[in-house]
Amino acid sequence: MHDGPGIRTTVFLKGCPLHCEWCHNPETQKFSPELLYYGNRCIGCFSCADVCPNGVHGGENEHIIDRSNCTACALCANDCPSTALEICGKEMTFADILSVAEKDKAFYGETGGITLSGGEPFAQNEATVEFLKACRTQRISTAVETCGYCDTDILLSAIPFVDLFLWDIKDTNQARHKKYTGASNELILKNLNAANEKNARIRLRCILVNGVNTDEEHYKSIARLASGINNFDGIDILPYHAYGGSKALLLGLRDNGKKEWIPDQTQIDRLNSILRDHGIIV
Amino acid sequence: MEFYTQNGMKRPIRLSESTRKFARDSLARKYGLDTMKVDSVSVDDIENFGNMSELARYDAAIKRIAAESPLRICPDEKISGAATLGMAIRHYIPATYSGKSVSYGMSHLTADFETVVKYGVNSIKAKALKAYSEYKGTESEEFIKSCLNCIEAFEIWHSRYLDALSNMPEYKANYENLKRVPFEPATSFYEAVQSIWFAFAFMRLCGNWPGIGRIDHLLGDYLKKDLKNGSITLDEAREILAHFFIKGCEWVNGQYIGSGDAQHYQNILLGGIDEDGKEITNEVSYLVLDILEELGISDFPTTVRVNKSTDGKFLRRVAEVMRYGGGTLAVYNEDLVIKALVNDGYPEREARKFANDGCWEVQIPGKTYFTYIPFDSLQILQKSTLNGYEQGVAFDSFEELYNAFVSDLYKKVEEIYIDKISSLTDTTSLRHCWEWPCTVISLFEQGCIEKGASYVDGGPIYNIISPHIGGLADTVNSLYAIKKLVYDDKRVTLSDLLNILHNDWNGEEALRQYALNRYVYYGNDNDEVDELAARLLSDFADICTSFNGKCGYRFPAGVSTFGRQLEWAHMRLAVPYGRKAGVVLAANCSPTPNTDKEGATAIIRSYCKADLSKLATGAALDIKLLPSSVEGENGLQALISLLRGFVSLGGFFMQPDVVDASVLKQAQENPEDYQTLSVRVSGWNARFVTLDKEWQDMVIEQNEH
């Protein structure tokens, strides 16, 4: 629904330069494959312990995982009868990905296509651009979900091959951006500007986190950004949800979901009304 | 009462308030409950009835129904005629002798409404009179006499309505309309709608459940002409047509009959090409969509014939209406259906006329005797090929096992053939040694009067018995699991696996989980298992058609379960792909619930890998979509693309429904708040609250993602 028009094949590229505290896809932050553990599926057969060369799996009544020794070799995941263990991330060639897309092609119609998501697709640098080129050759429409934090030259070289940018604006406040995502938004805004100058088709996607970026100043800045885009596709407001928190558990991390971050309807309505005041259709 | 929507979108208002009220009253059971007040008429007082022939009894019963059934004229209704006897809702001829119905009604057929509208019932009468002189003194004489008797009964019923309306000045338009039709050819759109309705209502009054067929094809030219000469506006035409749909809800009575109160096989088709290959989609097609969109009426489950060149504007309207949920609209891939019918031996021009049987099995309307014989392939695999999981079977390879199963399948189809021909007087004819009077339907099936034989006696031009394989996905998944576990991965021997299945997987949780989760089953676009499904369907189709020519019937193959997976659940044993005994498994040609993990496009791709053009009576795919997935312009585009993809990949029939399982659970708990919520069950829709608990649970299970 939020990954572009029509029926789309979404490719998640692992690895992200930002580390948003509210990340809802924590399994795509790291650049390398990782072991996921679904405790509710585990039947306690410990076939994993038998096959693991590094003694990652142990425990008596409770399944304990020592991730420090895990190389994500997938031996356990391939043997787990109940799919309680899974490896997130695998190396795929362009041909691998395109063959998946080829299967979906019958459903793309006039609007659908491939969406690159992540992680941050442009963190893969030239490979991403080359892949987008390959899609163009195959006449597959492309959308890229980006946080905009990437090499400006890479971004500019990709623009001719991207039909739609789904551009995340986490926060327009410089200090808060640094605090909550681990990086400044300066590069992001500069890149947005550069893409806009090249007339890229852009759709803004703005996460709303209660108590973090729910202030009028940020709302107005979003509206100004949106009204400055030449080839504007629209804007999606994405209210924070806490599901990403439980996904962190699968990685053996602490549940970072915070109920107090969920914005209420009046905050969403307020942002909508400011956008409308700026002549933006929502 | 609002007309329910699954997606929370407000339905547009185009119809007048009085028409909307008529719809609300009908859906709130007003007329259904009224119909139940008089269950049947009695023929007890007819002298010598007990000694009359079957046909003579039937004729007397039909005449009595025509003469004595209550008339119903609803406030503000624009078309007249009503099927007012309760017993007809239960598919019996609503006339009783000594307290019992004289016979059953007919269904799974689409009657010849084209002749009714274009040439009038009098043309059928003329044909019967001619046949009467031809067949006098032969064994067909009594049947032709019966045809004339039933037409006379129809005239009696017609004149009763005319008499009643003539005294009601506010129904002057109805009266004027009914003076000509259905006996004379219709001369206007309004007359044409009345003509179809009156013939339909009479057939239903006599206990039959015919389908309507291609309503836009039947009515399109009349509307075009009237619009051109200015005698009607589109808005007026929409009102009239809406009354047709609303009156079709006159049997809605809220009775809990298991599979719902709306299942009377009264399907309608829209769009597609005519016999010359020309697209017929017209103003009427759009009006029907308007009506379905506004009123959410699900009682005429409507199927759109879509092809590779279907107009984008029309398909967008279809998707827009589909989005409201209720499962009201389904689609045929017309290109493939026509190819399947041509493969089965129909001339192409004839194949292009296809409609359905009132459910989703395809047939040539007004010319076809059709019956399907369902069976459960999973039980054949479990109980015959694998000997009920008792020991004593051994197969050196998967091929050996598969071939043994196919030969058991052959035996089943042969059994169906022998069972059917045993009722025939000789193997080359279609005459039965039993009598089943069905003259009212025979009037509206081409061939019957000409051949002097009734609908069940080989009268129609095409006579079809279609073996329908059920449990397809479950059988394929079972075979695949055995192939992987025993022959490819060698995790267990066949003998041990049979033992484990015999014990319903008890004590073997790790292996059960492995079978359930580690293999990718039908519906996920896994070539290995999908090719097995394709192979099985192809072999099954070949088995069926090998019986062609052995008697007067043709034996095309089809795939269905409708709701039978419910009753079969209790007879099936544990399955090799990790489910224990007693679970409700797959519907129709759809994946087993909870094994489809890759979404709707993967399901369609799996289904389309089989050569579905070998299945001439149909293979239905059920697709459940979450309301959120079809929201907004993006969602609409996605739905359109899904329909286009289905066509380009070679699907046969797809019934998508927009349903949120959590809403269904709420409806189960608070039925009174969800009176108009309808869902696609299989070839029909049902108001969810009129399904019994078992059926409701099955629909919920199918809709959980």
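Naming convention: chains lettered A, B, ... in sequence-line order (proteins, then strands); numbering from 1 in each chain.
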Distance col, row Phe107(A):CZ vs Ile640(B):CD1, nearest 0.5 angstrom, shows 14.5 Å
### Message
Are there over 12 heavy-atom neighbours, none belonging to Ile281(A), within less than 6.0 Å of that residue's CD1?
### Response
no
For residues 273-282 of chain A, the side-chain hydrogen bond (donor to acceptor under 3.5 Å, both in side chains) pairs (sequence neighbours left out) are Arg270(A)-Ser273(A)
Around atom CD of Glu110(A), are there more than 12 heavy atoms from other residues, nucleotides or ligands closer than 6.0 Å? no
Bottom line for Lys105(A): the part with an atom under 4.5 Å from chain B's heavy atoms is neither
For residues 304-322 of chain B against chain A, heavy atoms under 4.5 Å, the residues are none
Honestly, the part of Leu516(B) sitting under 4.5 Å from a heavy atom of chain A is neither
**Asked** Mind checking whether Arg518(B) and Asp79(A) have side chains closer than 4.5 Å, heavy atoms only?
**Response** no
Q) Would one find more than 12 heavy atoms of other residues, nucleotides or ligands at under 6.0 Å from atom NZ of Lys339(B)? A) no
Per-residue tally against chain B (heavy atom, under 4.5 Å) across Gly109(A), Ala106(A), Gly112(A) peaks at Ala106(A)
Whatever's closer than 4.5 Å to a heavy atom in chain B on Ala77(A) counts as backbone
Expected contact set for residues 480-513 of chain B against chain A at heavy-atom separation under 4.5 Å reads Arg491(B), Glu509(B), Ala510(B), Gln513(B)
*asked:* Tell me if the CD atom of Gln265(A) is crowded by more than 12 foreign heavy atoms within 6.0 Å.
replied: yes
If one checks every heavy atom of Ser648(B) against chain A at 4.5 Å, the contacting part turns out to be side chain
Value for OG1 (Thr83(A)) from NZ (Lys597(B)), rounded to nearest 0.5 Å, stands at 6.0 Å
Expected contact set for residues 522-535 of chain B against chain A at heavy-atom separation under 4.5 Å reads Asp525(B)
Between the SG atom in Cys80(A) and the OH atom in Tyr514(B), the distance rounded to the nearest 0.5 Å is 10.0 Å
Note: Thr111(A) and Ser641(B) closest approach over all heavy atoms is OG1-OG, 4.1 Å
